Amino acid sequence: MAFIEHSDAFDLAATLESGQAFRWRREDAQNDGTTWFEGVIFSNIVRIRQVTGGVEWDASPDSETSMAPILRDYLRLDDDFPAIISTLEFDDILRGMFAEYKGIRILRQEPWECLVTFICSANNNIPRITKNVEDMAAAFGSPIQGTKTEKNAFPTPAQLADAGEASLRKLGLGFRAKYVAAAARRVADGEFDLYSLREAAYQDALDTLVEFAGVGDKVANCVLLFSMDKCEAFPVDVWIDRALREWYFSDSEEKVSRNKMRAWAQARFGEHAGYANQYLFHGRRLRDRK
DNA sequence: AGCCAGGCCCTCC
DNA sequence: GGAGGGCCTGGC
């Protein structure tokens, strides 16, 4: 059992369940009130829970020594979260949300899995996206060695390219199967390295991602934000569309397009617009549940 | 039955 | 360059 200390506001459960990652499973709460999550990242099964002053975790099969920096990176615990939040507190709506639920972080996921996941998100719902991702891993991913559970790593580009459109369709991906298969083929053929987009400028990386069939402005911005270090990314989905229309454009007569919404939000919220996005998304969804 | 779900693509203007 | 319709599939 390993421990990562942190002092800033950090809500592990809200972060893992905020709809940016899809392979974390909540376990039943312990008697002490803590809750374990089990997930698969970087070909490891990771269990993690939040305790006072930090997070406890273990991983298998890799050693704690090798996984520690990877997990720390994945959780972005080295971000100066209070400083980021402080750049957004000029906004009344966001300030209210920070007061209500502080500590939702942006994760730094693996780009390939993130790309496939959000290709699968098009005109879909979260339970089925989760099922699609899990089914792909079960059918085509490599078994994780040395563990009793039957979880597989997320499939590599080559594994999904070999799987092909027809078998992906059988898993229930629908029209997205074609896009996933094509993306897998492109990446497996080594046309380019997705990780290299982390070093690219936001606009260049965006232009590159939308060249994938099935990847438009919204999906690309999700991939940039959740896996490619582009905190200025601002994906506009139906929830953000609603949030902005109701909370910021309610006086406006005409309908604002989603492209204009993104440009407006990035100009308003700046280099950490992605964090604003995450809170607006969460806040708007939460309001409907109440 | 018909609509919606964290959009995208294609056509047509 | 923007609006409108179709799309796999499953749940309500």
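So you know, we letter chains A, B, ... as the sequences are listed, proteins then strands, and number each from 1. Source: prediction; values computed, not measured.
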I'd like to compare against my own output: the B/S/- annotation of nucleotides 8-13 of chain B with a strict under-4.0 Å heavy-atom distance to protein. SS----
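- There is no path of hydrophobic side-chain contacts, each under 4.5 Å, that joins A:W24 to A:Y101.
- The partner of B:dT11 is C:dA3, judged by Watson-Crick or G-U wobble contacts that both fall below 3.5 Å.
- Atoms CG and CG, from A:L197 and A:L206 in turn, are 10.5 Å apart once rounded to the nearest 0.5 Å.
- Linking Ile, Leu, Val, Met, Phe, Trp and Tyr whenever their side-chain heavy atoms come within less than 4.5 Å puts A:F22 and A:I104 in one cluster.
- Protein chain A touches strand DNA chain C; the 5'-most and 3'-most nucleotides with an atom under 4.0 angstrom of its non-hydrogen atoms are C:dC7 to C:dG10.
- Atoms SG and CG, on A:C231 and A:N277 in that order, are 11.5 Å from each other to the nearest 0.5 Å.
- Using modelled atom types and a 3.5 Å distance limit, the side chains of A:T34 and A:D32 yield a donor-acceptor pair.
- Taking atom P in both B:dT11 and C:dC8, one finds a spacing of 15 Å when rounded to whole Å.
- Base engagement by A:S18 is indicated by at least one non-hydrogen atom pair under 4.0 Å involving a base atom.
- Base engagement by A:Q20 is indicated by at least one non-hydrogen atom pair under 4.0 Å involving a base atom.
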Under 3.5 Å, which N/O atoms of the protein pair with N/O atoms of nucleotides 2-5 of chain B?
| unit_1 | atom_1 | unit_2 | atom_2 | d |
| --- | --- | --- | --- | --- |
| B:dA5 | OP1 | A:R242 | NH2 | 2.6 |
| B:dA5 | O3' | A:N124 | O | 3.4 |
| B:dA5 | N7 | A:N123 | OD1 | 3.1 |

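- Other residues, nucleotides and ligands place more than 12 heavy atoms under 6.0 Å from the CD atom of A:Q30.
- Taking CH2 of A:W247 as the start and CZ of A:R287 as the end, the distance is 6.5 Å to the nearest 0.5 Å.
- At least one test fails for A:R23 against the ring of A:F154: distance under 6.0 Å to the centre or angle within 45° of the axis.
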For the pair A:Y279 and A:F98, evaluate ring pair (Phe, Tyr, Trp, His ring centres under 6.0 Å) and give the outcome as yes or no after the intermediate values. CA-CA 8 Å; A:Y279 281 84; A:F98 296 148; 4.9 Å; yes
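- Rounded to whole Å, the P atom of C:dG11 lies 24 Å from the corresponding atom of B:dC8.
- A cation-pi arrangement is found for A:R285 relative to A:W239, the charged atom lying closer than 6.0 Å to the ring centre and inside a 45° cone about the ring normal.
- Tracing side-chain contacts under 4.5 Å through hydrophobic residues (I, L, V, M, F, W, Y), one reaches A:L194 starting from A:L160; they form part of the same cluster.
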